[in-house]
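Below, each value reflects all heavy atoms present in this structure, side chains not excepted, and no hydrogens, waters or symmetry copies. Here the structure is a predicted model, which is why all the values come from computation and not from measurement.
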Amino acid sequence: TRLSPSAGFGDAVFGLDVALRGGLAAVGAWNQTGGVAVEPRHQGAAYLYRRANGLWTQEARLRPAIHAPEPEADYGLYVALTGEFLLVSH
């Protein structure tokens, strides 16, 4: 199965880091922008997918605050799933 981000691939570096736990998959996309020309590169995103009945469905797209402290925050460079938590690097 191939997972795809809802915001498209672009130059997002989607899937450089992936975490699997049970029927959940977290995928980092550290170079993704929101598609706005003035938005700095490397803002990043993380995606959460859930597997049910053999199909993976995107449950969430997580992004840093609009005014992240660093313009090249690399949010989503690393992802981890532990217990009921999704951890995303910033």
What pair of heavy atoms forms the shortest contact from [X] to [Y], and how long is it?
X: Tyr47; Y: Ala29; answer: CE1-CB, 4.1 Å
X: Arg61; Y: Ala45; answer: NE-CB, 4.3 Å
X: Ala80; Y: Ala19; answer: CA-CB, 3.8 Å

According to a hydrophobic-cluster definition based on side-chain heavy atoms being under 4.5 Å apart (Ile, Leu, Val, Met, Phe, Trp, Tyr only), do Leu87 and Val18 belong together?
no

How far apart are the C-alpha atoms of Val27 and Leu3, what are their side-chain angles, what is the distance that settles it, and do they pass the side-chain contact (heavy atoms from CB on, under 4.5 Å) test? CA-CA 9 Å; Val27 182; Leu3 301 178; 4.2 Å; yes

Separation between CG (Asp17) and CH2 (Trp30), nearest 0.5 Å, reads 12.5 Å

_Atom pair CZ (Arg21) and CD (Glu84), whose distance is rounded to the nearest 0.5 Å_ =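 It comes to 9.5 Å.
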
Close side-chain approach of Leu20 and Leu81, heavy atoms under 4.5 Å:
no

Candidate list Leu48, Leu86, Val79, test side chain to side chain contact (heavy atoms under 4.5 Å, CB included), partner Leu62, passing option: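 Considering Leu48, Leu86, Val79, a side chain to side chain contact (heavy atoms under 4.5 Å, CB included) with Leu62 is found only for Leu86.
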
* To do: Evaluate the criterion side-chain contact (heavy atoms from CB on, under 4.5 Å) for residue pair Tyr49 and Thr57; output intermediate values, then yes/no.
  => CA-CA 5 Å; Tyr49 295 86; Thr57 304; over 6 Å; no

